[in-house]
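Single-structure report; data block below.
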2 protein chains.
Amino acid sequence: MRADARKIHSHLFAVAREVVAEQGAAASLREIARRADVGLGTLYRHFPTREALFEALLRSALDDLTRKAGELESTDAPGEALVAWFRDGIAFVRSYRGVVELMAGAIDDPQSALHASCTTVRSAGANLLHRAQATGVARADIDGADLFALMASLGWLGDQAAFAPRAGHLADVIASALLTDRHLRSRKHA
Amino acid sequence: MRADARKIHSHLFAVAREVVAEQGAAASLREIARRADVGLGTLYRHFPTREALFEALLRSALDDLTRKAGELESTDAPGEALVAWFRDGIAFVRSYRGVVELMAGAIDDPQSALHASCTTVRSAGANLLHRAQATGVARADIDGADLFALMASLGWLGDQAAFAPRAGHLADVIASALLTDRHLRSRKHA
DNA sequence: ACCTGAACACCGTTCAAGT
DNA sequence: ACCTGAACACCGTTCAAGT
């Protein structure tokens, strides 16, 4: 990439982060180009799709989330690790208002620039889930895709003004539903 | 209303139902007017907002849902009634793809034409929830707003192609989380 | 009393023309 | 090699003009 292009790229990235933080994932691409003082075609050249832009915006938070799953696996008990990561996952999908819609559309679409990111998150969660299921503390009738869907639905709740105040509490309710009685009893006795 | 206007009104209603069934709640209003062979301003005259149109489209299904809550209260045990109505509620919010977003926006906005419809649904559910809580079969730490939010989130899952296949199963998982151990034990012994 | 559709202010996406 | 912005095909919403 030419030096001037690299400069525009990072400028666009910074402006996009700002606009998306303000207006959410449905922000107008025209508005981003406008604020960056760049032709609309230039934005498309650097980020050919909305998904490509978000892939860039989310990359570092995504890497953090994947790393976190590994850490929790070595530091926490299976049930606690699963629930803690579930919360981190919800926080991640709430990085930007509306991003969860983009992720829901990408998880089953190999063409999407966000596809790999989404499947990585799903796998990281599936690992923690399987570990918790193997020790009998997580219910056996859900899989990694279910865990991802539940995370997404809680992210969506947080995006809706009317539901956001209760989203945290509902995350607790659902997190507890991931665990088995055996786990819940053992925590009471601890 | 003049006779010709009444005729156009019911024609618009029928065409809107058709287009929305095909394209979801985000369908273009222009497209509806076009297919109805009516000026765009005429659509706006009959249904001044998207919410007003959906209020009309959903009215009868909404009435059914409210009546159903009363019926279940007199025919079913508190826990079973709650869970059965929870499923009906999810089916209702799934009447049309994307309608759940409209409802989420309306529940806390008294200006919305859908506001009354949404609060009616929420109340009907709250009654069944309170009854189940009074007999100790539903967990005490959720309220009618939580129940409504959970229904909405499951409706949203059903709207996402990637999540829809598991939405039914996830509804089971969450429905069971609404109930207490006491209820679940009593069912096992039955 | 009711209907019409042009007008306005926006979108996303593409691509010939410029530097 | 890269950037530009007009062009195209859409939106939602309003409102003067018509019947």
Side-chain angles (χ1 to χ4, degrees), chain A residues 1-16 18-20 22-57 96-99 101-106 109 111-114, chain B residues 1-16 18-20 22-57 96-99 101-106 109 111-114:
Chain A
M1 206 188 306
R2 238 162 53 179
D4 55 344
R6 195 160 49 238
K7 196 169 167 187
I8 284 191
H9 191 86
S10 67
H11 179 56
L12 272 173
F13 180 84
V15 171
E18 201 177 282
V19 174
V20 166
E22 279 172 26
Q23 307 183 3
S28 149
L29 299 183
R30 255 195 177 79
E31 166 78 6
I32 294 172
R34 217 150 33 207
R35 277 219 228 169
D37 261 312
V38 142
L40 185 49
T42 305
L43 175 57
Y44 274 91
R45 159 171 281 266
H46 286 270
F47 303 101
T49 61
R50 191 179 289 274
E51 284 74 21
L53 176 59
F54 276 85
E55 202 281 328
L57 289 178
Y96 298 106
R97 190 159 25 100
V99 84
E101 316 259 2
L102 242 36
M103 293 178 68
D109 173 15
Q111 302 306 313
S112 168
L114 268 172
Chain B
M1 207 187 304
R2 238 161 53 177
D4 56 343
R6 194 161 49 238
K7 195 169 170 187
I8 285 191
H9 191 85
S10 67
H11 180 56
L12 272 172
F13 180 83
V15 172
E18 201 178 281
V19 174
V20 167
E22 279 173 27
Q23 308 183 1
S28 149
L29 299 183
R30 254 195 177 77
E31 167 79 4
I32 294 171
R34 215 150 34 207
R35 277 219 229 169
D37 261 312
V38 141
L40 185 49
T42 303
L43 175 58
Y44 273 92
R45 159 172 279 267
H46 286 270
F47 303 103
T49 62
R50 192 178 288 274
E51 284 74 21
L53 176 59
F54 277 85
E55 202 280 328
L57 288 179
Y96 298 106
R97 190 160 24 102
V99 83
E101 316 258 2
L102 241 37
M103 292 178 69
D109 174 15
Q111 301 306 312
S112 168
L114 268 173

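Everything numeric here is computed off the predicted structure, so don't read it as measured data. Order of the sequence lines fixes the chain letters, A, B, ..., with proteins taken first and strands second; residue numbering starts at 1 for each chain.
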Testing the basics here: between [X] and [Y], what is the closest heavy-atom pair and its distance to 0.1 Å?
| X | Y | value |
| --- | --- | --- |
| A/Leu114 | A/Ala106 | CB-CB, 3.6 Å |
| A/Ala25 | A/Val99 | CB-N, 3.7 Å |
| B/Leu57 | B/Val20 | CD1-CG2, 4.2 Å |

[X] [atom1] to [N] [atom2], straight-line distance once rounded to whole Å:
| X | N | atom1 | atom2 | answer |
| --- | --- | --- | --- | --- |
| A/Arg6 | D/dC3 | CZ | P | 12 Å |
| B/His11 | C/dC2 | NE2 | C1' | 16 Å |
| A/Phe47 | C/dT13 | CZ | P | 15 Å |
| B/Lys7 | C/dC3 | NZ | P | 12 Å |

Task: Residues in salt bridge (Lys or Arg N to Asp or Glu O under 4.0 Å) contact with A/Glu55, at least two apart in sequence or another chain - done: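 Residues passing salt bridge (Lys or Arg N to Asp or Glu O under 4.0 Å) with A/Glu55: A/Arg59.
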Open item on the list: D/dC2, OP1 or OP2 - any side-chain N/O from A/His46 closer than 4.0 Å?
Closed with: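 No, because none of the side-chain N or O atoms of A/His46 sits under 4.0 Å from OP1 or OP2 of D/dC2.
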Task: Contact state string [nucleotides 14-19 of chain C, B base, S sugar-phosphate only, - no protein heavy atom under 4.0 Å] - done: BB----
Task: B/Leu43 CG to B/Ile32 CD1 distance, which is reported to the nearest 0.5 Å - done: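 B/Leu43 CG to B/Ile32 CD1: 6.0 Å, rounded to 0.5 Å.
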Open item on the list: Going by side-chain hydrogen bond (donor to acceptor under 3.5 Å, both in side chains), name the residues that satisfy it together with A/Glu31, two or more places apart in sequence or in a different chain.
Closed with: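 For A/Glu31, the residues satisfying side-chain hydrogen bond (donor to acceptor under 3.5 Å, both in side chains) (neighbours in sequence not counted) are A/Arg34, A/Arg35.
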Open item on the list: Using a 3.5 Å distance criterion without hydrogens, assess whether the side chain of B/Ser112 forms a donor-acceptor pair with backbone atoms of B/Asp109.
Closed with: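 Not a single qualifying donor-acceptor pair exists.
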Open item on the list: Evaluate B/Glu22 against B/Arg97 for side chain to side chain contact (heavy atoms under 4.5 Å, CB included), listing each step before the verdict.
Closed with: CA-CA 9 Å; B/Glu22 279 173 27; B/Arg97 190 160 24 102; 6.0 Å; no
TODO: Please say which of B/Leu53, B/Thr49, B/Leu29 ends up in a side-chain contact (heavy atoms from CB on, under 4.5 Å) with B/Tyr44.
DONE: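 Of the listed options, the one satisfying the test is B/Leu29.
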- [ ] Using a 3.5 Å limit on both pairing distances, list the dot-bracket string of DNA chain C from the 5' end; Watson-Crick and G-U wobble pairs count, crossing pairs take [ ], interstrand pairs take |.
- [x] ||.|||||...|||||.||
Open item on the list: Any residue in residues 26-36 of chain B with a heavy atom nearer than 4.0 angstrom to DNA chain C? Just list them by number, or reply none.
Closed with: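 Of all residues in residues 26-36 of chain B, the ones placing a heavy atom under 4.0 Å from DNA chain C are B/Arg30.
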Task: Pairs involving residues 42-53 of chain A, ordered by first then second residue, that meet salt bridge (Lys or Arg N to Asp or Glu O under 4.0 Å) (sequence neighbours left out) - done: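 Qualifying pairs, neighbours excluded: none.
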Task: ring pair (Phe, Tyr, Trp, His ring centres under 6.0 Å) assessment of A/Phe47 paired with A/His9 - done: CA-CA 9 Å; A/Phe47 303 101; A/His9 191 86; 4.8 Å; yes
